[in-house]
Amino acid sequence: MSLADLIADADRVVAFTGAGVSTESGIPDFRSPTGVWTRYDPQDFTFDRYVESAEVRERSWRMRREFLAAGYTPNPAHLALARLEQAGRSPGLVTQNIDGLHQDAGSRHVVEIHGTARDVMCIGHQPRHGTPDGCGWRMPVDWALAQLDAGDPDPLCPLCGGLVKSATVSFEQVLFGDALEAAVSLAGTADLLLTVGSSLVVYPAADLPLLALRNGARLAIVNDEPTPLDDVADLVVRGRAGDVLPEAVDAALSR
Ligand code: APR
């Protein structure tokens with residue numbers, strides 16, 4: 001069975017994407033030989049380090065500004081998944097990415113299980129155990145960039161004075177309950193779970209393909225390196241997402 005066959009045979013394709021779906025847009029992934037974690041120590045990017053260190057927060061804002069200033073755009077892999085949804089063959093997708101490129105590509109039902117870099121939120125004054133406990137304040141990230149431009153290197157919540165952070169999930173931070181619930185529900189409805197560009201090593205996100213399998217879905221993995229779930233997948237396609245997905249989706253939709 002080819003990927004086009006699996007997609008053609010499916011009514012409810014749910015994609016589960018990782019950083020590898022965005023590398024062809026110019027955004028580095030984390031664990032491949034040129035990934036972010038080959039240059040930075042993930043231990044410096046934990047929730048607690050962010051809370052306890054103004055220097056870590058200032059560095060994080062500098063990195064966020066650079067990321068957003070790059071103006072990344074969707075690539076053919078994002079666009080192919082949006083076509084699948086627009087054709088009524090996918091109820092939505094779950095992404096581990098925080099870049100917003102699926103939405104920019106036209107996908108409407110996107111569950112961002114690790115949050116989004118496009119918003120910032122209050123996480124409270126001294127949140128503990130990886131659990132944000134902010135006042136509920138949340139704004140587009142432009143608010144924070146404007147504060148930085150005005151000379152404030154460590155913006156605080158304008159409502160309660162709490163710490164402000166990207167609305168993303170850092171290491172050792174608990175996931176946002178509503179996003180996790182939506183991801184589980186979406187994966188549970190799939191008759192084909194398609195992972196794209198993920199090393200499938202970060203939990204609980206990487207549980208989703210296994211949940212779909214347990215619910216009777218088929219599992220297809222598109223990744224240019226081996227993953228721990230290759231042995232339980234119905235199909236593994238070793239290749240670049242920007243090549244593999246458009247070809248398979250367009251072949252399936254033209255049948
Ligand atoms: N096409 C197909 N696969 C690709 C491509 C591509 N163009 N580019 C990279 N890959 C593969 C890499 O070989 C790698 O196996 O995508 C995978 C990306 O894996 P990771 O870098 O581990 O990214 P991801 O799985 O999304 O990481 C999960 O870890 O660091 C945290 O919160 C972060 O959401 C992230 C989570």
Side-chain angles (χ1 to χ4, degrees), residues 3 14-50 56 60 63-64 67 72-81 93-102 105 110-119 130 132 165-176 179-180 182-183 187 193-210 219-231 233 235-249:
L3 184 57
V14 172
F16 175 69
T17 68
V21 82
S22 294
T23 53
E24 292 166 77
S25 296
I27 303 175
D29 64 13
F30 296 98
R31 294 176 184 79
S32 66
T34 56
V36 170
W37 300 140
T38 64
R39 284 173 275 129
Y40 292 95
D41 177 359
Q43 278 312 306
D44 287 341
F45 292 83
T46 65
F47 182 80
D48 287 351
R49 287 282 293 130
Y50 187 87
V56 168
S60 296
M63 292 172 75
R64 184 64 75 229
F67 178 82
Y72 298 113
T73 55
N75 69 60
H78 297 106
L79 294 167
L81 292 174
L93 65 85
V94 179
T95 188
Q96 300 171 90
N97 302 336
I98 61 173
D99 55 34
L101 292 185
H102 284 300
V110 178
V111 178
E112 295 171 304
I113 195 168
H114 289 159
T116 176
R118 295 192 172 177
D119 285 349
K165 180 179 178 294
S166 276
T168 58
V169 178
S170 300
F171 281 121
E172 296 170 18
Q173 179 180 340
V174 299
L175 272 66
F176 300 116
L180 184 55
L193 196 290
L194 171 60
T195 80
V196 185
S198 179
S199 58
L200 301 176
V201 297
V202 173
Y203 285 81
D207 261 332
L208 289 171
L210 295 171
L219 173 61
I221 295 175
V222 175
N223 205 55
D224 67 8
E225 287 176 312
T227 80
L229 300 191
D230 286 0
D231 296 344
L235 177 70
V236 175
V237 181
R238 196 69 70 228
R240 310 287 289 160
D243 301 329
V244 169
L245 278 194
E247 188 182 330
V249 165

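Counting from 1, the numbers follow the sequence of the chain as shown. Counting starts at 1 for both ligands and their atoms, following the listed order.
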Inset, instruction - Tell me which part of Asn223 gets within contact of ligand 1: side chain, backbone, both or neither, using heavy atoms under 4.0 Å. - result: both
Inset, instruction - Taking all non-hydrogen atoms of both residues into account, name the closest pair between His102 and Val110 and its distance. - result: CB-CG2, 3.9 Å
Inset, instruction - For Pro74 and Ser25, work out which heavy atoms get closest and say how close. - result: C-OG, 3.7 Å
Inset, instruction - Give a yes/no verdict on whether any heavy atom in Pro42 is under 4.0 Å from an atom of ligand 1. - result: no
Legend entry - Gly197 touching ligand 1 at heavy-atom level, < 4.0 angstrom: yes
Legend entry - Nearest neighbour in protein (non-hydrogen) for atom 30 (O) of ligand 1: Trp37 NE1, 2.9 Å
Inset, instruction - Examine the side chains of His78 and Thr73 and answer whether a donor and an acceptor come within less than 3.5 Å of each other. - result: no
Legend entry - For atom 5 (C) of ligand 1, closest protein heavy-atom neighbour: Gly20 O, 3.3 Å
Inset, instruction - For atom 10 (N) of ligand 1, find the nearest protein heavy atom and state the residue, atom name and distance (0.1 Å precision). - result: Asp224 OD1, 3.3 Å
Inset, instruction - Could you tell me whether Phe30 and ligand 1 have an N or O pair separated by under 3.5 Å? - result: yes
Inset, instruction - From the options Glu24, Arg238, Gln96, Gln173, select the one whose nearest heavy atom is closest to atom 28 (C) of ligand 1. - result: Gln96
Legend entry - Atom indices of ligand 1 within 4.0 angstrom of Ala19 heavy atoms, with elements: 23 (O), 24 (P), 26 (O)
Inset, instruction - Return the orientation label for the Tyr72 and Phe67 ring planes: parallel under 30°, perpendicular over 60°, tilted otherwise. - result: tilted
Inset, instruction - Could I get the full list of side chain to side chain contact (heavy atoms under 4.5 Å, CB included) partners for Ala187, not counting sequence neighbours? - result: Leu193, Leu208, Leu211
Inset, instruction - Distance to 0.1 Å, residue and atom name: give those for the protein heavy atom nearest to atom 9 (C) of ligand 1. - result: Asp29 OD2, 3.2 Å
Legend entry - atom 31 (C) of ligand 1: the protein heavy-atom neighbour that sits closest, reported with distance to 0.1 Å: Arg31 NH2, 3.6 Å
Legend entry - ligand 1 N/O within reach of Asn97 N/O, cut-off under 3.5 Å: no
Legend entry - Check: Val202 N/O within less than 3.5 Å of ligand 1 N/O: no
Inset, instruction - Would you mind checking which non-hydrogen protein atom is closest to atom 8 (N) of ligand 1, with the distance to 0.1 Å? - result: Thr23 OG1, 2.8 Å
Legend entry - Over all atoms of both residues, closest heavy-atom pair of Asp224 and Gly239: CB-O, 3.6 Å
Inset, instruction - Run the numbers for me: atoms of ligand 1, each under 4.0 Å from some heavy atom of Gly239, listed by number. - result: 1 (N), 2 (C)
Legend entry - Exceeds 12 heavy-atom contacts within 6.0 angstrom, atom CD of Glu24: yes
Inset, instruction - Note the single closest protein heavy atom to atom 25 (O) of ligand 1, along with its residue, its atom name and the distance in Å. - result: Ser198 OG, 2.8 Å
Inset, instruction - Say whether Ala241, considering both its backbone and side-chain N or O atoms, lies within less than 3.5 Å of an N or O atom on ligand 1. - result: yes
Legend entry - ligand 1 to His114 polar contact by distance, N or O atoms, under 3.5 Å: yes
Inset, instruction - Under 4.0 Å from a heavy atom of Phe171: give me the atoms of ligand 1 that qualify, with their elements. - result: 30 (O), 31 (C)
Inset, instruction - Please identify which atoms of ligand 1 are closer than 4.0 Å to at least one heavy atom of Glu225. - result: 12 (C), 13 (O), 14 (C), 15 (O)
Inset, instruction - Using modelled atom types only, decide if a donor and an acceptor are shared between the side chain of Arg118 and the backbone of Ala167 within a distance under 3.5 Å. - result: no
Legend entry - Atom of Ser198, atom of Asn223 and distance for their closest heavy-atom approach: N-OD1, 3.1 Å
Legend entry - For Ser199, atoms of ligand 1 separated by under 4.0 Å from a heavy atom: 15 (O), 17 (C), 18 (C), 19 (O), 20 (P), 22 (O), 25 (O)
Legend entry - side chain to side chain contact (heavy atoms under 4.5 Å, CB included) partners for Ser166, two or more places apart: Trp61, Arg64, Thr168
Legend entry - Distance-minimising heavy-atom pair for Phe16 and Ala205: CZ-O, 3.4 Å
Inset, instruction - Could you list which atoms of ligand 1 come closer than 4.0 Å to a heavy atom of Gly18? - result: 26 (O)
Inset, instruction - Let me see the working for Leu81 and Thr17 under side-chain contact (heavy atoms from CB on, under 4.5 Å), right down to the final yes or no. - result: CA-CA 10 Å; Leu81 292 174; Thr17 68; 3.8 Å; yes
Legend entry - Asp99 side chain vs Ala117 backbone, donor-acceptor pair below 3.5 Å: no
